[in-house]
2 protein chains.
Amino acid sequence: MASTLPKAPSSPLLRDLTHSLPMALLRTREAVVQRFREVLSRHGLTEQQWRILRALDGREGLEVSLLAEQCQILPPSMSGILKRMEQRGLIVRKANRADGRSILVALTGEAQALVEQIKPEIVAVYAEIERILGRRKLEQLYILLEALEAGLKRNS
Amino acid sequence: MASTLPKAPSSPLLRDLTHSLPMALLRTREAVVQRFREVLSRHGLTEQQWRILRALDGREGLEVSLLAEQCQILPPSMSGILKRMEQRGLIVRKANRADGRSILVALTGEAQALVEQIKPEIVAVYAEIERILGRRKLEQLYILLEALEAGLKRNS
DNA sequence: GAGTTTTACTTAATATATTAACTATCTTAA
DNA sequence: TTAAGATAGTTAATATATTAAGTAAAACTC
């Protein structure tokens, strides 16, 4: 099949698509997230909804903006996701007496129970990942990811 | 602000959200992609459309399924993206004489010119990233990402 | 070689991402 | 204190992601 042969690079300066950094990060993330998605979909949750549950777990209430920042979800997306989670009875919104603009979000009892139910399954996935790559390399990966992120944000 | 204090972990087994692997990969990727997006949006392209242009560059024609695989875009998304790119005159679809089911996609002359115009800007972004993290660490990052991806796919 | 299964692609339905614009509140400076 | 500016959240418009279902062409089986 000729279409899968490596193409002749028309520019020697541009890295092959297969090895571009955004693609490498995307492919690896997809491979990782797929494992988590298998668990979460059994409980009717998306990856983003799980991030929100995780961020709210053990907290009294969190402003939408802080929640969005911690979950790496932009406010317009967060708005819709929270609406659906509220309708499903997973979160509640409370007024913030200290600031009339902001809104506090908190888990319902049902959501807390769901989180406790899912946690061990997620822990098992983490264990599998650590077993696959090895603890040492996994730690090294975290360090490099955070170094690159920090460097990019410093220079922006 | 009490809401930003580190929360008490309700389970010692689950990594803090800020340091979860999917989150780390997502945050780093977002930081990286933001640089590319600045370039691409000036040319009216999305990140996905650029991936497609890159994959088709220097090729006669590529089946939709192979294109989707290389770009890490699922076929249903690919279908819509190609429709918009075709309307904009960036790609053409040709019948595949060897297989009536598949469709070959290729760049138009306009798209090829656009790619050549954008390439140096993208190369500059890569150079900045390499400068920020250092060539050695960047190579190490690629190796770890690919090792994890390969390991996960092997065990699936 | 007709019937079944697989493959390539599209359509449909729902969820999320991205950018811009909008509303209400809060802050600040004159 | 009041008018300009900043902040928190939402809405709107468009693009993409995800899963399921649908369609047409190949490949396979008997």
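Residue numbers begin at 1 in each chain, while the letters A, B, ... track the order of the sequences.
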Report the distance from atom [atom1] of [X] to atom [atom2] of [N], rounded to the nearest whole Å.
X	N	atom1	atom2	result
A:Ile91	D:dG9	CD1	C1'	13 Å
A:Phe36	D:dA17	CZ	C1'	19 Å
B:Arg84	C:dT18	CZ	C1'	13 Å
A:Leu67	D:dA8	CG	P	14 Å
B:Glu47	C:dT18	CD	C1'	12 Å
A:Ile81	D:dA17	CD1	P	15 Å

(message) On DNA chain D, does the nearest nucleotide to A:Met78 precede the nearest nucleotide to A:Arg37 from the 5' side, or the other way round? Give the residue.
(response) A:Met78
(message) If you assign each of B:Thr46 and A:Ser79 to its closest nucleotide in DNA chain D, which residue comes earlier from the 5' end?
(response) A:Ser79
(message) Can you confirm whether B:Glu86 is buried at CD, in the sense that more than 12 heavy atoms of other residues, nucleotides or ligands lie under 6.0 Å from that atom?
(response)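 Check passes, neighbour count above 12.
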(request) Tell me which of B:Ser77 and A:Arg97 sits closer to the 5' end of DNA chain C, going by the nucleotide each one is nearest to. (result) B:Ser77
(request) Name the residue closer to the 5' end of DNA chain C, choosing between B:Val64 and A:Arg101 according to the nucleotide with the nearest heavy atom. (result) B:Val64
(message) Nearest to the A:Gln48 side chain among C:dA17, C:dA20, C:dT11, which nucleotide is it?
(response) C:dA17
(message) Taking B:Pro75's backbone N and O only, do any of them form a donor-acceptor pair with B:Ser79's side chain (distance below 3.5 Å, no angle check)?
(response)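 Not confirmed, B:Ser79 side chain does not pair with B:Pro75 backbone.
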(request) Could you tell me whether the side chain of A:Val115 reaches within less than 4.5 Å of the side chain of A:Leu56, counting heavy atoms only? (result)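 Side chain of A:Leu56 against side chain of A:Val115, heavy atoms only: no contact under 4.5 Å found.
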(request) Could you tell me whether the side chain of B:Glu38 reaches within less than 4.5 Å of the side chain of B:Glu121, counting heavy atoms only? (result) no
